[in-house]
2 protein chains.
Amino acid sequence: MRATIKDIAREIGVNVATISRALNNKPGVSAELQRKIQKKALEMHYSPHGQARGLVTQRTETIGLIFDSETSSFLSNPFYGGVLAGIESELRRHNFSLMFSSTGGHKLDSVADLPKFIIEHRVDGVLIVGSIDERNIRLLHEVQLPMLMIDYHLEENPIDTVIVDNRRAGKMLTDYLVGLGHRHIAFVGGRPLDEGNFYERLCGYRDALQEHEIPYRRELIQEGELEGGYESAQQVLARAPEVTAIMACNDANACAAMRAMVSKSLRVPEDISIAGFDDIAAAAESWPPLTTVRVDKCAMGRTAAQRLLQKLKNDDTTPPYETVFPTEVVRRASTAAPRK
Amino acid sequence: MRATIKDIAREIGVNVATISRALNNKPGVSAELQRKIQKKALEMHYSPHGQARGLVTQRTETIGLIFDSETSSFLSNPFYGGVLAGIESELRRHNFSLMFSSTGGHKLDSVADLPKFIIEHRVDGVLIVGSIDERNIRLLHEVQLPMLMIDYHLEENPIDTVIVDNRRAGKMLTDYLVGLGHRHIAFVGGRPLDEGNFYERLCGYRDALQEHEIPYRRELIQEGELEGGYESAQQVLARAPEVTAIMACNDANACAAMRAMVSKSLRVPEDISIAGFDDIAAAAESWPPLTTVRVDKCAMGRTAAQRLLQKLKNDDTTPPYETVFPTEVVRRASTAAPRK
DNA sequence: TGAAATACGTCAAACGTTTGCGGTAGATTT
DNA sequence: AAATCTACCGCAAACGTTTGACGTATTTCA
């Protein structure tokens, strides 16, 4: 059994209340006695019992993280891995613990289906990362927990959000390619392409085309499965051989598209330029290194954690708002001016 | 405020003890009353308060996961990502929650430096994944927590372990390459190479050579930084141009080695074969697809979680033992018979 | 039919903290 | 010197459960 506050009280010959105050630096205990108590606590290897404390303070100093997709696919996504790292480090800095769980992919029917740590463990707040079913959000609202969403935009229920400026990212990357001299730029991968982050990127692409007075051609767009940049790139190239650059909805798809080019004996970037989004580790390590759009994933996680913690302190008076993260194009060897 | 057991008791007109027993399916309450209570509990959206319960049962139904490396590098490691996914799913199945934290990379001085959830939150058990400083383990022992180690072997303190049969893996892969006809096989990457998992793989390599009566040559081994398969491969090739196959300590290094070959205008596998370990996602997606040794990371995580949970139930009587996971060579296009 | 067993509930203590209220000194003010 | 403050500390309730030890009816057995 570990030492409790009572043990210290008995040892010193003073009431438990005094021990509690001394250990928490609260007023009402003489400096001398406080020193004595803290010394004794150290000796006895005392550490507060979180559950007992939480029972009276009504706080767990724990926040929960949930996501909709399968755990494995979530964790193997390098983008979220970076965000998660940022979250963890920030929480640790503030002495908060982190629990995480997937909602299992399927829609939940009632509050009781929420991850256990939310409903039973009573985390102080929850972070939602990535796309999630709107119904699950409503369940979360029912339990009145402070929450914050990362990398996903919700139309209906207003909720605090930390998000990437995907539209701007799409525009910047397109601007860059146009600046290199490209006129026939394809956009591949990502399903569905009528909502969500990939859609935003596509919108940015259209914004840029319009600005540069390049006509938008539907046939240069090829929707595809999440990991299917390979086929998409081939399809669009078969339809439109004049294409000199391919933008993929993210880096994974871009890498797949590169492999597709290699298999058709096209050289990157001499024959065709390729670019992606996210700047995952694999982007820098691919061959050739991939031009992409970077967002500071770690900082994003830290900011998200920070804002959630602030909400907990401030009694949640401020209306929900979005924090949008800037991006930057990182130029690598997979893009070059078209040969003409 | 959420409904408590007291609220239900008042509503039904019965003692809280009865409510508790009814909700936990304990004997001592009539079937009819139990139904009535459960129905009312549902109506009131009651859910037990984990902290209050834990206070008396002395259990949190939570396990903690720690690792020594930086959070970001841990999460971006595809191998551990897979293991983590397995752990999470198994824990969820048993209604346990998961907390995780890094020890920050540096050695800890006292129990108080351990992640908060271990010392204050009082997790029921802890999983240690990857290499960890021996001193930190001793601290863990001090707090008398059931624990289990994953993917790392400890010489001194005996402790339950779930581990990959790295030596055998090294031998199998070497056997395969020798079977293809290779005689000059290099082994690159990984530091340090005198202990740990990479060393085990190297041992397996030597085992195989001996068995096939191929002399072991020190100059075919090139230690290198964790992500430095690129330089290592170049160095060893400069020293020994007769090399026809390169084994890397893991897939990341193998991919780097492939890039190194490309940069020297060597074709894989026509000019040189390359193979790795772990079978991370990138291995299948590299060009050419990488021959490697697979271990079922997810199953490994599940098994680890399962065994830890068992320890909690069984009052921890059984002596610590190792569970070693089998491996299999997956043959892909990055290896072929030498041209001679 | 009286005693013993059974079934169903109540009581209250306990888990380890925090915190408002009250009390007792000694110090300071009139 | 009496009255008023402060500074310090003790008392006890409260947080929401679980659980062993007791009570009562009601049934069962001899």
Side-chain angles (χ1 to χ4, degrees), chain A residues 1-38 40-41 44-62 95 116-124 143, chain B residues 1-38 40-41 44-62 95 116-124 143:
Chain A
M1 273 310 107
R2 266 138 93 173
T4 81
I5 215 176
K6 282 185 192 168
D7 298 327
I8 307 183
R10 190 175 337 104
E11 202 83 7
I12 303 255
V14 72
N15 192 275
V16 293
T18 307
I19 307 289
S20 173
R21 281 191 264 262
L23 260 24
N24 293 320
N25 287 316
K26 298 220 168 156
V29 34
S30 69
E32 187 193 9
L33 181 54
Q34 180 175 19
R35 253 199 315 278
K36 195 167 153 194
I37 289 177
Q38 288 177 335
K40 183 60 96 177
M44 302 178 69
H45 294 113
Y46 168 80
S47 71
H49 193 297
Q51 305 201 76
R53 165 183 288 172
L55 196 51
V56 28
T57 62
Q58 301 285 21
R59 326 181 75 252
T60 54
E61 309 225 293
T62 299
N95 258 292
K116 173 177 169 177
F117 63 73
I118 292 187
I119 162 102
E120 287 197 16
H121 187 81
R122 319 242 160 158
V123 295
D124 293 335
V143 293
Chain B
M1 275 308 108
R2 265 135 96 173
T4 82
I5 216 177
K6 280 185 193 167
D7 298 327
I8 307 184
R10 192 176 335 107
E11 202 84 8
I12 303 255
V14 71
N15 193 277
V16 293
T18 307
I19 307 289
S20 174
R21 283 192 256 267
L23 260 24
N24 293 321
N25 288 316
K26 299 221 167 156
V29 36
S30 68
E32 185 191 11
L33 181 54
Q34 181 175 20
R35 252 200 315 280
K36 196 168 153 193
I37 290 177
Q38 288 177 336
K40 184 59 94 178
M44 302 177 70
H45 295 112
Y46 168 79
S47 71
H49 192 297
Q51 306 203 72
R53 164 182 291 171
L55 197 51
V56 28
T57 61
Q58 302 285 23
R59 329 181 72 252
T60 54
E61 309 225 292
T62 299
N95 258 294
K116 173 177 169 175
F117 63 73
I118 292 188
I119 163 101
E120 287 196 16
H121 187 79
R122 319 243 159 155
V123 295
D124 293 335
V143 293

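Here is how names work: the chains are called A, B, and so on, in the same order as the sequence lines, proteins then strands, and each is numbered from 1. Because the structure is predicted, anything quoted here is derived from the model rather than measured.
Residues of residues 49-60 of chain A having a heavy atom closer than 4.0 Å to DNA chain D, listed by number: A:L55, A:V56, A:Q58. Of the residues in residues 14-21 of chain B, those placing a heavy atom less than 4.0 Å from an atom of DNA chain D are B:A17, B:S20, B:R21, in numerical order. Contact check of residues 22-30 of chain A against DNA chain D (heavy atom, cut-off under 4.0 Å) returns A:G28, A:V29, A:S30.
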Residues 46-54 of chain B side chain polar contacts: donor-acceptor under 3.5 Å, at least two apart:
{"unit_1": "B:S47", "atom_1": "OG", "unit_2": "A:I119", "atom_2": "O", "d": "3.4"}
{"unit_1": "B:S47", "atom_1": "OG", "unit_2": "A:R122", "atom_2": "NH2", "d": "3.2"}
{"unit_1": "B:H49", "atom_1": "ND1", "unit_2": "B:Q51", "atom_2": "N", "d": "3.2"}
{"unit_1": "B:H49", "atom_1": "ND1", "unit_2": "B:A52", "atom_2": "N", "d": "3.3"}

N/O donor to acceptor pairs below 3.5 angstrom from side-chain atoms of residues 4-18 of chain A, sequence neighbours left out:
{"unit_1": "A:T4", "atom_1": "OG1", "unit_2": "A:K6", "atom_2": "N", "d": "3.0"}
{"unit_1": "A:T4", "atom_1": "OG1", "unit_2": "A:D7", "atom_2": "N", "d": "3.4"}
{"unit_1": "A:D7", "atom_1": "OD1", "unit_2": "A:R10", "atom_2": "NH2", "d": "3.0"}
{"unit_1": "A:D7", "atom_1": "OD2", "unit_2": "A:T4", "atom_2": "N", "d": "2.8"}
{"unit_1": "A:N15", "atom_1": "OD1", "unit_2": "A:A17", "atom_2": "N", "d": "2.8"}

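Taken over five-pair windows at either terminus, the axes of the helix from C:dT1-D:dA30 to C:dT30-D:dA1 are inclined to one another by 50° (rounded to 10 degrees).
Under the side chain to side chain donor-acceptor pair (under 3.5 Å) criterion, A:T62 pairs with no residue, sequence neighbours left out. With sequence neighbours excluded, the residues that form a side chain to side chain donor-acceptor pair (under 3.5 Å) with A:Q34 are A:N25. Checked against side-chain contact (heavy atoms from CB on, under 4.5 Å), B:N95 has the following partners two or more places apart in sequence or in another chain: A:K116. Listed by chain and number, the residues in a salt bridge (Lys or Arg N to Asp or Glu O under 4.0 Å) with A:R59 are A:E61 (sequence neighbours excluded).
When all heavy atoms of A:I19 and A:I37 are compared, the closest pair comes out as CD1-CD1, 3.9 Å. Of all heavy-atom pairs between B:T60 and B:D124, the closest is N-OD1, 3.0 Å.
Whole-Å rounding puts the B:I37 CD1 to C:dC8 P distance at 12 Å.
With a 6.0 Å radius and a threshold of 12 heavy atoms from other residues, nucleotides or ligands, B:K36 has its NZ atom at or below the threshold.
Put simply, chain A comes within 4.0 Å of DNA chain D, heavy atom to any atom, from D:dC8 to D:dG16, going 5' to 3'.
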